[in-house]
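Here's the structure, in structure tokens; my notes come after.
As the structure is a computational prediction, the values presented were derived from the model and not from experiment. In listed order, ligands and their atoms are each counted from 1.
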Amino acid sequence: MAKVVCVLYDDPVGGYPTSYARDDVPQPKIYPDGQTLPTPQAIDFKPGALLGSVSGELGLRKFLESNGHQLVVTSSKDGEDSVLDRELPDAEIVISQPFWPAYMTAERIARAKKLKLIVTAGIGSDHTDLQAAIENNITVAEVTYCNSNAVAEHVVLSILALVRNFIPSHNIILQGGWNIADAVSRSYDLEAMQVGTVAAGRIGLRVLRLLKPFGVGLHYLDRHRLPRAVEEELDLTYHDNLESLVKISDVVTLNCPLHPETEHMINEKTLNFFKRGSYLVNTARGKLVDRDALVGALESGQLAGYAGDVWFPQPPAKDHPWRTAPHHALTPHISGTSLSAQTRYAAGVREILESYFEKRPIRNEYLVVQGGKLAGVGAHSYSEGDATGGSEEAARFEKA
Ligand code: NAD
């Protein structure tokens, strides 16, 4: 019997939904590179239900309990009295979502003597100290591709919101106003701008493809160069360093994982390479960007706007300076947890658990760490070492 601890975000303030805005949740048949959607033997949830909050339980309870396992579901993850800390010593599996991350620090991993598997219900496993997982022979897996296209949609939405000054214009309407000059004095067309993505993996490449019809110039930086045919099809310009990419871009979007190479890649020095008045969109990870340097760049006008949905830590403090910075279109961490995406990643978690319990290999593309080293998507997209610095503090103190 395994004890499974599942950390999920809180239910809606008004209670768990009893009905939904739509009756169905259309899904793609296959991902763009030919990877299949999750293939669990069965699911015990209705596609389109809210699965990522505590009462949704990722649809796992029936499956786990009927196989004799114990499931603990909680949103209590930070602070010394957290349910997560209480349940960790005899947990075999920990599941959490990047939206409400269980910071699996080296300290926590050291106390979890029975821990064998950490599953990210989503994509991006930086909230786990991957170096500690490597050293303690713990497998880390995520549901690769489950929400990559969902995030790409949010990136395009965010770029348009910033460039066209959508949110301030909408607010004018909410406030009963109609001053068109106020709305348009920061409004531009995206057409003819240069857009650069840091990383052209599943999300970054999708963003490039979605933006192509807008008539923009497209640029990318990645440690793996795309096939020549793709570069030609999208008329891409490849850059081998950040300075070269941001110098030419009117819009920069970050789409790489957080690992030691990428932590704080956007800082006071690199922000000075940006064109004055450019826009930055980050749906990748909060810690790619230096918190205070970003606020300075928005206040000085070096950046004309910032958008995205990722913060550090999560949840951020009520007085986190990004909340009140000028010209931002930030949201809570939502882009990868639409109801459509939840259906896919809940099924993906079930697939990973079925493989684990039946001692079958977990799909290689889902693996981040296995057998004491980076594996699968981890070997392709991450680097060894710890990018969770500061998470110890986040895990110890409840800030919300
Ligand atoms: P992916 O593995 O397909 O792509 C990652 C790309 O980053 C790879 O092409 C890799 O080569 C590149 N990369 C890694 N290190 C780099 C570096 N130092 N410089 C340049 N490129 C580098 O993953 P994906 O599905 O595209 O997701 C990317 C990241 O987006 C995730 O790791 C996660 O942090 C974030 N994400 C956020 C959400 C959300 O809800 N906001 C959801 C999914 C993923």
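- The nearest non-hydrogen atom to atom 27 (O) of ligand 1, considering only D309, T120, I203, comes from I203.
- When heavy-atom distances to ligand 1 are checked against a 4.0 Å cut-off, I123 comes that close through both its backbone and its side chain.
- When non-hydrogen atoms are compared, ligand 1 lies under 4.0 Å from the side chain of H333 (C-beta onward) but not from its backbone.
- Contact analysis leaves G122 out of contact with ligand 1, as no non-hydrogen atom separation drops below 4.0 angstrom.
- Around the CZ atom of R228, the shell of radius 6.0 Å holds no more than 12 heavy atoms that belong to other residues, nucleotides or ligands.
- Atom CD1 of I123 sits about 7.5 Å away from atom CZ of R202, to the nearest 0.5 Å.
- Considering only non-hydrogen protein atoms, atom 4 (O) of ligand 1 sits nearest to G201 CA, 3.4 Å.
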Going through the checks in order, is the side chain to side chain contact (heavy atoms under 4.5 Å, CB included) test met by Y279 and V163?
-> CA-CA 8 Å; Y279 304 90; V163 173; 3.8 Å; yes
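- What sits closest to atom 18 (N) of ligand 1 on the protein, heavy atoms only, is E261 OE1, 2.9 Å.
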Evaluate the criterion side chain to side chain contact (heavy atoms under 4.5 Å, CB included) for residue pair Y9 and V54; output intermediate values, then yes/no.
-> CA-CA 6 Å; Y9 45 76; V54 171; over 6 Å; no
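- Within 6.0 Å of atom CG in D24, more than 12 heavy atoms from other residues, nucleotides or ligands are found, so the atom counts as buried in its surroundings.
- Under 4.0 Å from ligand 1, the heavy atoms of R285 that appear belong solely to its side chain.
- Each of the following atoms of ligand 1 lies closer than 4.0 Å to a heavy atom of T262: 17 (C), 18 (N).
- Distances from atom 22 (C) of ligand 1 to the heavy atoms of S335, C256, A341 show the closest one on C256.
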Check the pair T197 / L221 against side chain to side chain contact (heavy atoms under 4.5 Å, CB included), numbers first and verdict last.
-> CA-CA 6 Å; T197 173; L221 159 72; over 6 Å; no
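- Applying the 4.0 Å criterion to heavy atoms of V377 picks out, from ligand 1, the atoms 2 (O).
- Ligand 1 has a nitrogen or oxygen under 3.5 angstrom from a nitrogen or oxygen of S148.
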Dump the intermediate steps for side chain to side chain contact (heavy atoms under 4.5 Å, CB included) on D235 and K212, then the final yes or no.
-> CA-CA 9 Å; D235 197 12; K212 180 73 181 157; 3.7 Å; yes
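- Those atoms of ligand 1 with a heavy atom of A199 less than 4.0 angstrom away are 6 (C), 7 (O), 12 (C), 21 (N).
- Residue V281 is not grouped with residue L288 when hydrophobic side chains (ILVMFWY) are merged at heavy-atom distances under 4.5 angstrom, including chains of intermediate members.
- If you check each of T197, V151, T283 against atom 37 (C) of ligand 1, the one with the closest non-hydrogen atom is T283.
- Residue contact annotation: H259 has a non-hydrogen atom under 4.0 Å from ligand 1.
- No more than 12 heavy atoms of other residues, nucleotides or ligands lie within 6.0 Å of CD in E268, so this atom counts as exposed by the packing criterion.
- In terms of protein heavy-atom proximity, atom 19 (N) of ligand 1 is nearest to R223 N, 4.4 Å.
- By the 4.0 Å heavy-atom criterion, F99 is counted among the residues contacting ligand 1.
- One option in A152, P257, S381 has a heavy atom closer to atom 32 (O) of ligand 1 than any other, and that option is P257.
- Taking atom 35 (C) of ligand 1 as the reference point, the nearest protein heavy-atom neighbour is A284 O, 3.6 Å.
- At under 3.5 Å, a nitrogen or oxygen of G336, whether backbone or side chain, sits near a nitrogen or oxygen of ligand 1.
- Between the CG atom in L280 and the CD atom in Q302 there is a gap of 11.0 Å [rounded to 0.5 Å].
- With a 6.0 Å radius and a threshold of 12 heavy atoms from other residues, nucleotides or ligands, D33 has its CG atom above the threshold.
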Take N241 and S244, measure what side-chain hydrogen bond (donor to acceptor under 3.5 Å, both in side chains) needs, and give me the verdict at the end.
-> CA-CA 6 Å; N241 67 82; S244 149; 4.6 Å; no
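- Taking the six-membered ring for Trp, F357 and H69 have ring centres closer than 6.0 Å.
- Looking at heavy atoms from C-beta onward, R108 lies in side-chain contact with D85 at the 4.5 angstrom threshold.
- Among protein heavy atoms, the minimum distance from atom 43 (C) of ligand 1 is reached at N147 OD1, 3.1 Å.
- For atom 28 (C) of ligand 1, the closest non-hydrogen atom on the protein side is N255 O, 3.5 Å.
- Both the backbone and the side chain of R202 come within 4.0 Å of ligand 1, counting heavy atoms alone.
- Scanning the protein heavy atoms around atom 10 (C) of ligand 1, the nearest turns out to be D222 OD1, 3.5 Å.
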